[in-house]
Amino acid sequence: MIKKSIMLCIAVLAMCTFALAASRTFVGTVSDNNCGLKHAVAGDAATECVKKCVSEHGAKYALVSKGKVYPLEPQDMFADHAGHHVKVTGELKGGTITATNVEMVGESKMK
């Protein structure tokens, strides 16, 4: 009975570890897959360009973080964050971030 209890505890701990490892936090600027690194710095110009590329040219939102461009899903989570500096929580799989949460990062936090 003790052996079964120990094995059950180990299995539960392993599952919790895998669940926590799947979710990561990324900090960067919401850009689009057409402009990519061009919008590595957040600002009004980036916001206007990203919104235009997405709405008029069919681009998809992407996150520029540490010199890399990551496609983002679900796309509708990022419409209000175009060209902004954000913190994205989600899973990175196949080079794409599937977000579970996105929040603005204030200017004071960036310094």
Side-chain angles (χ1 to χ4, degrees):
M1 182 67 176
I2 292 175
K3 187 175 181 181
K4 287 183 181 181
S5 296
I6 291 172
M7 293 301 290
L8 179 63
C9 288
I10 290 171
V12 169
L13 285 172
M15 288 180 359
C16 290
T17 302
F18 289 127
L20 290 174
S23 185
R24 294 177 49 190
T25 300
F26 304 85
V27 177
T29 303
V30 177
S31 183
D32 62 83
N33 62 338
N34 287 347
C35 294
L37 291 172
K38 177 180 174 185
H39 301 306
V41 177
D44 293 339
T47 298
E48 288 180 34
C49 184
V50 171
K51 285 182 177 181
K52 185 175 182 177
C53 283
V54 170
S55 67
E56 296 178 18
H57 302 290
K60 301 285 187 184
Y61 294 111
L63 184 74
V64 177
S65 180
K66 298 181 181 179
K68 293 184 181 179
V69 180
Y70 299 95
L72 294 166
E73 291 295 338
Q75 288 285 296
D76 61 340
M77 286 184 74
F78 298 93
D80 293 336
H81 299 290
H84 296 160
H85 194 67
V86 296
K87 179 170 73 171
V88 178
T89 304
E91 181 180 353
L92 178 64
K93 190 172 184 179
T96 298
I97 299 171
T98 302
T100 54
N101 187 48
V102 60
E103 59 187 74
M104 297 279 289
V105 176
E107 288 294 324
S108 60
K109 292 180 185 177
M110 288 172 48
K111 295 180 181 179

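What's counted below: heavy atoms across the whole structure, side chains too, no hydrogens, waters or symmetry copies.
For the side chain to side chain contact (heavy atoms under 4.5 Å, CB included) test, residues two or more places apart in sequence or in another chain that qualify with N101 are T89, E103. For V69, the side chain to side chain contact (heavy atoms under 4.5 Å, CB included) partners at least two apart in sequence or on another chain are L37, A62, V64.
Rounding to the nearest 0.5 Å places CE of M77 at 10.5 Å from OG1 of T98. For the atom pair CD1 of I97 and CZ of F26, the computed distance is 4.0 Å after rounding to the nearest 0.5 Å.
Here side-chain hydrogen bond (donor to acceptor under 3.5 Å, both in side chains) pairs that include residues 73-82, with residues two or more places apart or in two chains, number zero. The list of side-chain hydrogen bond (donor to acceptor under 3.5 Å, both in side chains) pairs with a residue in residues 29-39, not counting sequence neighbours, is empty.
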task = Check the pair V105, H85 against side chain to side chain contact (heavy atoms under 4.5 Å, CB included), reporting the backbone distance first and the verdict last.
result = CA-CA 6 Å; V105 176; H85 194 67; 3.4 Å; yes
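Scanning both residues, G95 and Y70, for their nearest heavy atoms gives O-CD2, 3.7 Å.
Considering V86, L63, V102 in turn, L63 is the only one that fulfils the side-chain contact (heavy atoms from CB on, under 4.5 Å) rule with L72.
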Please table the atom pairs, donor to acceptor, closer than 3.5 Å between any side-chain atom in residues 40-61 and protein atoms at least two apart or in another chain.
| from | atom 1 | to | atom 2 | distance (Å) |
| --- | --- | --- | --- | --- |
| T47 | OG1 | G43 | O | 3.0 |
| T47 | OG1 | A82 | O | 3.0 |
| S55 | OG | K51 | O | 2.9 |

